[in-house]
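Worksheet: the structure to be examined is printed underneath.
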Amino acid sequence: MKRREFLSSSAAVLAATATLSHWPARAFAQDQAPRVRLAMPPLLDTRATGRLSLQAQSGSQTFLGGAATTTAGFNQDYLGPTLILKNGDLAAEVNNALKVPVSAHWHGLLVPGEHDGGPHLPIAPGESWQPQMHIAQDPATVWYHSHIHERTAEQVYFGLAGVIHVTDGEDDARGLPSAYGVDDLTLVLQDRRFDDAGRMVYNPSMMDVMHGFSGNRLLVNGQAGATAVVPQGIVRLRLLNGSNSRVYTLFFDDTRPMHLVATDGGFLPAPIALDTLSLAPGERVEVLVDMSEGGAPVLMSDPAQPFGVLPFAVDAALPARITGLPDKLDGVLEDLGGTEVETREVSLDMGMGGMMMGGGGFAINGRPYDMARIDFAVTQGTVERWHIRSTMVAHPFHVHGVRFRVLSENGAAPRPENTGWKDTLLVPGEAEIIARFDQPARQETPYMFHCHILEHEDAGMMGQFTVT
Ligand code: C2O
Ligand code: CU
Ligand code: CU
């Protein structure tokens, strides 16, 4: 984007932004095609081998049955396999068969900066990255995606992302569904923009950069118009918001509750029943839904301007292994309050001040991201309290290398879905978070902290820190 172009219309954009309900309201096109059964991403189970091999490659996909789109994926045309990881050593290998540098960031894995796969660890075309990793964390649904500075939005949009299950094999004892694709569904929610020919397009205008790029169709696991077929019992949904910018407020059309059992960083101590559930870009939740009454519920989003996310069909022939909700889970929420040695202010900036200085005003604490600048240094093993403030719109704030607790949101107790371990948090206004920084990150491979609206991140709403 040219600076003059930007300045000439920035006033109009600001006026629009101030009153904006965050996203341009746009109805999703209705699906005309007959519904097909939703497929899960293929599984890549690393538990027996301790090895993981991924290849970033180009692909081709006809999402809507029309013209083909040139896409990218890990080991396939679009998105990547669901990785099953357990604690212990993991010899990973990521090859890049694309013509541009990519990276493999493990969003939510608690690994040192040198294994984190951020912007300082690009894999050149034709090259391979081989981190010898060690996994040591609670079970959780995390994910992976490319993270090349100024290219993350486009690369994730066209498919360089996938889901990871960190598992300890104890879900039976927890009374949780665990049959992949049967009663344990992995659901990647992504809105994408399609042209009239049915091609997926990414051509962000200045407005799109301001608000984040949003789509006119919804894909689940890269599929449009599919139906999830589930057994007549308790079903576990692992939801990832893999969209560039859209925030979902999920609910069921027949008002059946979702029982939240896990947030970004692991299980809760007990399920929390919710009628609606907010899911911002980068966030994951695991919910249990009771399908024992049958019916054909539809997972929807946005009570104010509802659209369908995913219809369900109950198939009584499928094995309903779990028929009751667990009362308790074994998630342990450490109370870190009062142990902090440092507090920091983090202002997620977009606005006139920054714009006048050029660059569009996307910054943190007034400074746009600079790969050569370390913003601060954290002492390894210590606890810090961060006060996050959003300007203009609600920004989903993400920190690498840690899981954190939310102390407050706009001065009040956190919303129920933010009471567990988090690594990404939507901040409409302000929030206080607290974390212990156990993993190291040296100056050569620092951790990122940023807005997970990918257009904002690429435009400079990102910083980096060391942990030593
Ligand atoms: Cu999901 Cu810095 O990333
Ligand atoms: Cu991350
Ligand atoms: Cu943002």
Side-chain angles (χ1 to χ4, degrees), residues 106-111 116 136-143 166 239-241 247 259-274 277-287 328-348 364 376 378-390 394-441 447-452 463 465 467:
W106 320 107
H107 178 141
L109 281 191
L110 305 175
V111 294
D116 181 62
Q137 65 185 77
D138 290 343
T141 300
V142 303
W143 65 302
V166 179
L239 294 152
L240 160 67
N241 183 346
V247 177
H259 302 270
L260 182 69
V261 292
T263 54
D264 299 332
F267 291 120
L268 293 167
I272 300 174
L274 296 171
L277 175 59
S278 154
L279 196 66
E283 287 185 313
R284 291 87 60 208
V285 288
E286 296 182 30
V287 297
K328 289 221 170 327
L329 299 155
D330 57 350
V332 177
L333 301 180
E334 226 177 313
D335 180 13
L336 297 166
T339 63
E340 62 270 31
V341 299
E342 188 79 60
T343 62
R344 297 185 198 278
E345 296 291 324
V346 178
S347 170
L348 305 172
I364 291 185
F376 52 84
V378 173
T379 304
Q380 192 176 357
T382 64
V383 173
E384 297 200 355
R385 174 195 293 248
W386 293 8
H387 178 218
I388 322 297
R389 218 156 22 81
S390 280
H395 301 280
F397 180 68
H398 169 52
V399 192
H400 287 211
V402 288
R403 56 180 191 173
F404 57 76
R405 300 287 313 281
V406 182
L407 293 173
S408 69
E409 294 183 274
N410 293 328
R415 288 178 299 125
E417 57 257 61
N418 292 331
T419 52
W421 289 110
K422 300 285 296 166
D423 59 48
T424 308
L425 174 70
L426 186 66
V427 183
E430 56 182 315
E432 283 183 298
I433 64 172
I434 191 163
R436 191 177 52 239
F437 294 78
D438 288 326
Q439 296 289 330
Y447 286 136
M448 304 295 121
F449 61 107
H450 59 89
C451 175
H452 221 288
F465 63 98
V467 182

Do the rings of Phe449 and Trp386 sit parallel, tilted or perpendicular, given the 30° and 60° boundaries? perpendicular

Between Gln137 (side chain only) and Gly108 (backbone N and O only), is there a donor and an acceptor less than 3.5 Å apart? yes

Shortest non-hydrogen pair, Pro414 vs Glu409, comes out as CA-OE1, 3.1 Å

Looking only at non-hydrogen atoms, find the nearest pair between Asp423 and Asp264 and report the distance. N-OD2, 2.9 Å

Heavy-atom distance under 4.5 Å between the side chains of His107 and Thr424, does that happen here? yes

Does the side-chain hydrogen bond (donor to acceptor under 3.5 Å, both in side chains) test come out yes or no for His387 and Glu432, once each step is laid out? CA-CA 4 Å; His387 178 218; Glu432 283 183 298; over 6 Å; no

Check: Asn410 main-chain N/O paired with Glu430 side-chain donor or acceptor under 3.5 Å: no

As a test of understanding, state which of Val427, Asn418, Ile434 forms a side-chain contact (heavy atoms from CB on, under 4.5 Å) with Val406. Asn418

At what distance, to the nearest 0.5 angstrom, does CD of Glu417 lie from CG of Leu425? 10.0 Å

Given the side-chain rings of His398 and Trp143, with only the six-membered ring counted for Trp, is the space between their centroids under 6.0 Å? no

Tell me if a side-chain donor or acceptor on Glu283 pairs with a main-chain N or O of Pro281 at a distance below 3.5 Å. no

Distance from Arg284 atom CZ to Thr141 atom OG1, nearest 0.5 Å? 7.5 Å

Which heavy atom of Pro416 sits nearest to which heavy atom of Leu274, and what is that distance? CB-CD2, 3.9 Å

Heavy-atom donor-acceptor pair, Trp421 side chain to Val332 backbone, under 3.5 Å: yes

Value rounded to 0.5 Å, distance of CD1 in Ile388 from SG in Cys451: 11.5 Å

Smallest heavy-atom separation, Gly420 atom then Leu333 atom, equals CA-CD2, 3.9 Å

Between Arg405 (side chain) and Thr419 (backbone), is there a donor-acceptor pair under 3.5 Å? yes

Atom pair CG (Asp116) and OH (Tyr447), whose distance is rounded to the nearest 0.5 Å: 6.0 Å

Could you tell me whether Phe397 and Phe404 have their ring centroids closer than 6.0 angstrom? no

Mind checking whether Phe437 and Phe465 have ring centres under 6.0 Å apart? yes

Which atom names give the shortest non-hydrogen contact between Val378 and Arg344, and what distance separates them? CG2-NH2, 4.0 Å

When rounded to the nearest 0.5 angstrom, what is the spacing between OG1 in Thr339 and CD in Glu334? 8.0 Å

Could you check whether any side-chain N or O of Arg403 sits under 3.5 Å from a backbone N or O of Gly265, counting only pairs where one atom can act as donor and the other as acceptor? yes

Report yes if some heavy atom in the side chain of Leu277 is under 4.5 Å from a heavy atom in the side chain of Val287; otherwise report no. yes

Measure across Leu268 and Leu329 and return the closest heavy-atom pair with its distance rounded to 0.1 Å. O-CB, 3.1 Å

What distance do Ile433 atom CD1 and Leu407 atom CG have between them, rounded to the nearest 0.5 Å? 8.5 Å

